[in-house]
Participant: 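Below you will find the structure I want to go over with you.
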Protein chains: 2
Amino acid sequence: MEIPTESAAQRRFDQKAEQILTGATQIFLQRGYERASMDKVAKASGVSKQTLYSHFADKEALFVALVDKMSRRRLEEAFGSAPLKGEPKAVLSQLARTTLTQLSADEDYHDFVRLMIAESKRFPGLVEKFMLNVTRPSLLKLTEFLSSPDLNIEDPEATAHVLLGAVVFFMLTQEIMPGKAVIPMEADRLATALVALL
Amino acid sequence: MEIPTESAAQRRFDQKAEQILTGATQIFLQRGYERASMDKVAKASGVSKQTLYSHFADKEALFVALVDKMSRRRLEEAFGSAPLKGEPKAVLSQLARTTLTQLSADEDYHDFVRLMIAESKRFPGLVEKFMLNVTRPSLLKLTEFLSSPDLNIEDPEATAHVLLGAVVFFMLTQEIMPGKAVIPMEADRLATALVALL
DNA sequence: GTCTATACCCCGATAGAC
DNA sequence: GTCTATCGGGGTATAGAC
């Protein structure tokens, strides 16, 4: 139970933190960590730099909070999707198409992944947490599905790496990197080729 | 034909440019573009900052030259490998293992790929050239191989994306990002699972 | 609590001595 | 051509007015 007399002020405080995080997300995703200045974050958030520093100790702390928030958001979206029931190959085909379509459309997520890879050397612990909270659950769910006796796959876990790898490579080369013109590929062709392998 | 009286001076000039590129490579790969300062490049190269600027117009020009050099190097190593002759599945198994081993060991290349992804938004033309000179040839060679009638693959090009995607995802999660502890996978298991799919 | 102003540092790029 | 010294600008973070 919260103390009523504090809750109004607390609510305003949290709300301002959210407001800052929203502005910060825009700046960090667009410009990357180094080129994102605290001045620009303050301006994009509609607060002063001092207010910014009263909510977050420094730039790194702000970045940590931002990654946490983005990871939670992505996790929710990933698990709000298909139930994975029915004839395995048909389900997999649908899952591949849905995933490829969703991932191709989410520009914020492309920027976020680019940021995670870019800063994986400077913030290894943070990126590891991202992989633990986002990548790992996807792999586990996929592994579980590929373990279906109907599919008769010897090493479902390694196969899950292959399938997720194909999807991530697609997103990486077609959207995150400017590869559409150089090595073009269509989501439907990839999905069809994926299912044909199983 | 070159003018003999100039060749000695020219040779010294080119050699110094190489020396600078070597130092610059070390700094850029280690720190990324933004955190790589021209002071540090000069120090790592063993030249003064003025000498640095007499060989390269500015930081961006140095970066362009660096990416060109790294791309050429990677291309040569990729094509100096297996001849891709023999029983298809056996060759593919060997190719997968060799590639995974080589890519896992080359730390400079991990840093380079991280750098290309990180700067893909700021230097799209440069990254596109990298993909054209490195990624595309690998895909083409793999597609050609997967077109073998023995394998009976309906869409070799899309399948090549799947296979290369699996390899890149492995390098990305196990080496470029700190994922070994979170989603561990062994190269041999992945190679086996890959071949089992064909 | 929130704003304006600023301290302090490091960056890329250049000038001038040799 | 090469070095040392420096300029202008922008970065993070903080101090002081209100």
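Chain A is the first sequence line, chain B the second, and so forth, proteins listed ahead of strands; every chain is numbered from 1.
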Participant: Going by the rule ring-ring contact (aromatic ring centres under 6.0 Å, His included), which residues pair with B/Y33 if we only count those two or more places apart in sequence or in a different chain?
Facilitator: B/F28, B/F63, B/F123

Participant: Is the side chain of A/K89 donor-acceptor paired with the backbone N or O of A/L198 at a distance under 3.5 Å, no angle test?
Facilitator: yes

Participant: Taking everything shown except B/N152 itself, do over 12 heavy atoms lie less than 6.0 Å from its CG?
Facilitator: no

Participant: Would you compute the distance between atom CE of B/M38 and atom NZ of B/K49 and round it to the nearest 0.5 angstrom?
Facilitator: 8.5 Å

Participant: Would you please name every residue forming a ring-ring contact (aromatic ring centres under 6.0 Å, His included) with B/F169, sequence neighbours left out?
Facilitator: none

Participant: Do A/T51 and A/S54 have a side chain donor and acceptor closer than 3.5 Å?
Facilitator: no

Participant: Round to a whole Å and report the spacing from CG of A/D58 to C1' of D/dT14.
Facilitator: 13 Å

Participant: So if I take residues 31-44 of chain B and measure heavy-atom distances to DNA chain C, which residues fall below 4.0 Å?
Facilitator: B/A36, B/S37, B/M38

Participant: Identify whether NZ of Lys or CZ of Arg in B/R74 sits under 6.0 Å from the centre of the six-membered ring of B/Y109 and within 45° of that ring's axis.
Facilitator: yes

Participant: Given 3.5 Å as the limit, does a donor-acceptor pair link the side chain of B/R35 with the main chain of A/E34, or not?
Facilitator: no

Participant: Can you run down the side chain to side chain donor-acceptor pair (under 3.5 Å) pairs that involve residues 161-184 of chain B, sequence neighbours left out, and say none if there aren't any?
Facilitator: B/E175-B/K180

Participant: For residues B/S93 and B/R97, is any side-chain donor paired with an opposing acceptor at under 3.5 Å?
Facilitator: yes

Participant: Got a list of protein N/O to nucleotides 4-9 of chain D N/O distances below 3.5 Å?
Facilitator:
none

Participant: Reading DNA chain C from 5' to 3', where do the contacts with chain B start and stop? Cut-off is 4.0 Å to heavy atoms.
Facilitator: C/dC11 to C/dG16

